J.: 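One structure, pasted below without further comment.
Note that this is a predicted model, so its numbers are computed, not measured. The residues of the chain are indexed from 1 along the displayed sequence. Numbering of ligands and ligand atoms starts at 1, following listing order.
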Amino acid sequence: MERFSLDLPSPLYVFDEIYFSGIVSDLLEKGFSIRPLGVPEFVIDALVACQDTLSKQAYRRGGIGRSEQFQHLEKVRSDEICWIDGSSSEGQLWLDWCEALRLYINRHLFMGLFSFESHFACYAPGNFYRRHLDAFKGESNRMLSVVTYLNDDWQTTDGGELVLYTNEKDDLGVRVLPEKGTIAIFLSEDFPHEVLTAKRERHSVAGWFRLNTSINENIDPPK
Ligand code: OGA
Ligand code: MN
């Protein structure tokens, strides 16, 4: 019998756009979106399965880019990360969902998002990520940050909340419990944020939609 091997791309899922439309209307209205159960359950389950297979050795200390010159890394963040490269079908499903979200956002908000990168993050008890921006105006092509969570039954007493500040002067912020399925999306240059010290192991998945660097250089030349 003859056998075929077709070089097909990963399966094309049809994702429910209801998740995307809520995010887009929030982004239009306020520049950020926080939604409990904002990621479909089967996508979260895939991320949990993928995270479960990662060994401790797969994780590396998170970096901090530009501000590293001014502050010691350990004082800024103490989580460990592992990039999602699509080598497992579970990780790929998350990347596919984010790709569908990217296309939906570009169609509705004309943001010109070009690519996406994402990693798992693990905060051991005692770990944190101090107040920071994911991008500095005109210095990065990170446009939109996305974070989702993989933790069951998270209580306020467990610490580890994401605090999203609505501008540079805001010191109250909006608090987000890192509860399984919640999604937080915000403009990377506009929303300082921090992760409060976690009191139990905390798993999140962070990602960034980027502009094409060459396009970015044209509209936002370095000073
Ligand atoms: C980050 C980050 C937030 C979170 O990785 O840059 O801000 O809630 N993560 O894990
Ligand atoms: Mn961040």
Side-chain angles (χ1 to χ4, degrees), residues 23 27 31-39 43-44 47-48 50-51 54 58-68 70-71 73-85 91 94-95 98 115-137 139-156 158-168 170-171 173-210:
I23 290 170
L27 287 176
F32 71 93
S33 177
I34 295 165
R35 294 188 162 253
L37 304 178
V39 180
V43 177
I44 291 292
L47 282 171
V48 169
C50 187
Q51 197 283 319
L54 296 175
Y59 284 91
R60 300 279 175 270
R61 288 293 305 277
I64 47 172
R66 195 187 80 139
S67 55
E68 209 159 353
F70 305 102
Q71 291 157 303
L73 179 58
E74 314 84 69
K75 290 187 191 150
V76 179
R77 74 185 289 189
S78 51
D79 61 323
E80 300 214 303
I81 64 162
C82 178
W83 290 95
I84 300 174
D85 60 8
W94 164 247
L95 298 178
C98 290
S115 64
F116 182 69
E117 60 185 356
S118 182
H119 63 57
F120 290 103
C122 178
Y123 292 71
N127 286 174
F128 53 79
Y129 195 159
R130 299 283 182 242
R131 182 171 171 143
H132 66 282
L133 280 168
D134 285 346
F136 296 96
K137 283 212 192 306
E139 289 186 23
S140 165
N141 54 1
R142 279 183 174 178
M143 283 287 285
L144 197 60
S145 302
V146 42
V147 196
T148 190
Y149 301 100
L150 310 180
N151 312 291
D152 285 308
D153 304 319
W154 199 274
Q155 310 292 320
T156 39
D158 294 326
E161 284 166 295
L162 169 71
V163 190
L164 191 69
Y165 300 100
T166 51
N167 59 60
E168 281 299 333
D170 182 7
D171 53 12
V174 181
R175 288 177 174 232
V176 184
L177 278 180
E179 177 69 20
K180 189 188 266 185
T182 295
I183 192 170
I185 300 199
F186 50 91
L187 294 169
S188 304
E189 292 181 346
D190 293 344
F191 293 88
H193 54 283
E194 72 177 304
V195 178
L196 302 179
T197 304
K199 294 183 186 156
R200 58 178 259 221
E201 194 167 278
R202 173 194 194 269
H203 289 280
S204 60
V205 178
W208 297 272
F209 292 103
R210 292 175 167 276

J.: Report the relative orientation of the aromatic rings in Phe186 and Phe191; use parallel for angles under 30°, tilted for 30 to 60°, perpendicular for over 60°.
T.: perpendicular
J.: Could you tell me the residue and atom name of the protein heavy atom closest to atom 3 (C) of ligand 1, and the distance to it rounded to 0.1 Å?
T.: Val195 CG2, 3.5 Å
J.: Answer yes if the side chains of Trp208 and Ser188 hold a donor-acceptor pair under 3.5 Å, and no otherwise.
T.: no
J.: Under 4.0 Å from ligand 1, counting heavy atoms only, is it the side chain of Trp208, its backbone, both or neither?
T.: side chain
J.: Work out whether the distance between some heavy atom of Phe191 and some atom of ligand 1 is less than 4.0 Å.
T.: no
J.: Take Lys180 and Asp153 through the test salt bridge (Lys or Arg N to Asp or Glu O under 4.0 Å) and record every step on the way to the result.
T.: CA-CA 8 Å; Lys180 189 188 266 185; Asp153 304 319; over 6 Å; no
J.: Closer than 4.0 Å to some heavy atom of Tyr149 - which atoms of ligand 1 meet that?
T.: 4 (C), 8 (O)
J.: Could you check if a side-chain atom of Asn127 sits within less than 4.5 angstrom of a side-chain atom of Glu201, using non-hydrogen atoms only?
T.: no
J.: By number and element, which atoms of ligand 1 are closer than 4.0 Å to a non-hydrogen atom of Ser204?
T.: 10 (O)
J.: His132: which N/O/S atom is nearest the Mn ion (ligand 2)?
T.: NE2
J.: Just to confirm my output: which protein heavy-atom neighbour is closest to atom 1 (C) of ligand 1, and how far is it?
T.: Tyr129 CE1, 3.6 Å
J.: When you measure from atom 6 (O) of ligand 1 to each heavy atom in Val146, Asp134, Leu133, which option holds the nearest one?
T.: Asp134
J.: So if I count the atoms of ligand 1 from 1 in the order they appear, which ones are less than 4.0 Å from some heavy atom of Val147?
T.: 4 (C), 8 (O), 10 (O)
J.: Just to check, does His132 reach to within less than 4.0 Å of ligand 1 when the distance is taken from its heavy atoms?
T.: yes
J.: Determine which of the N, O or S atoms in Asp134 is closest to the Mn ion (ligand 2) and give its atom name.
T.: OD1
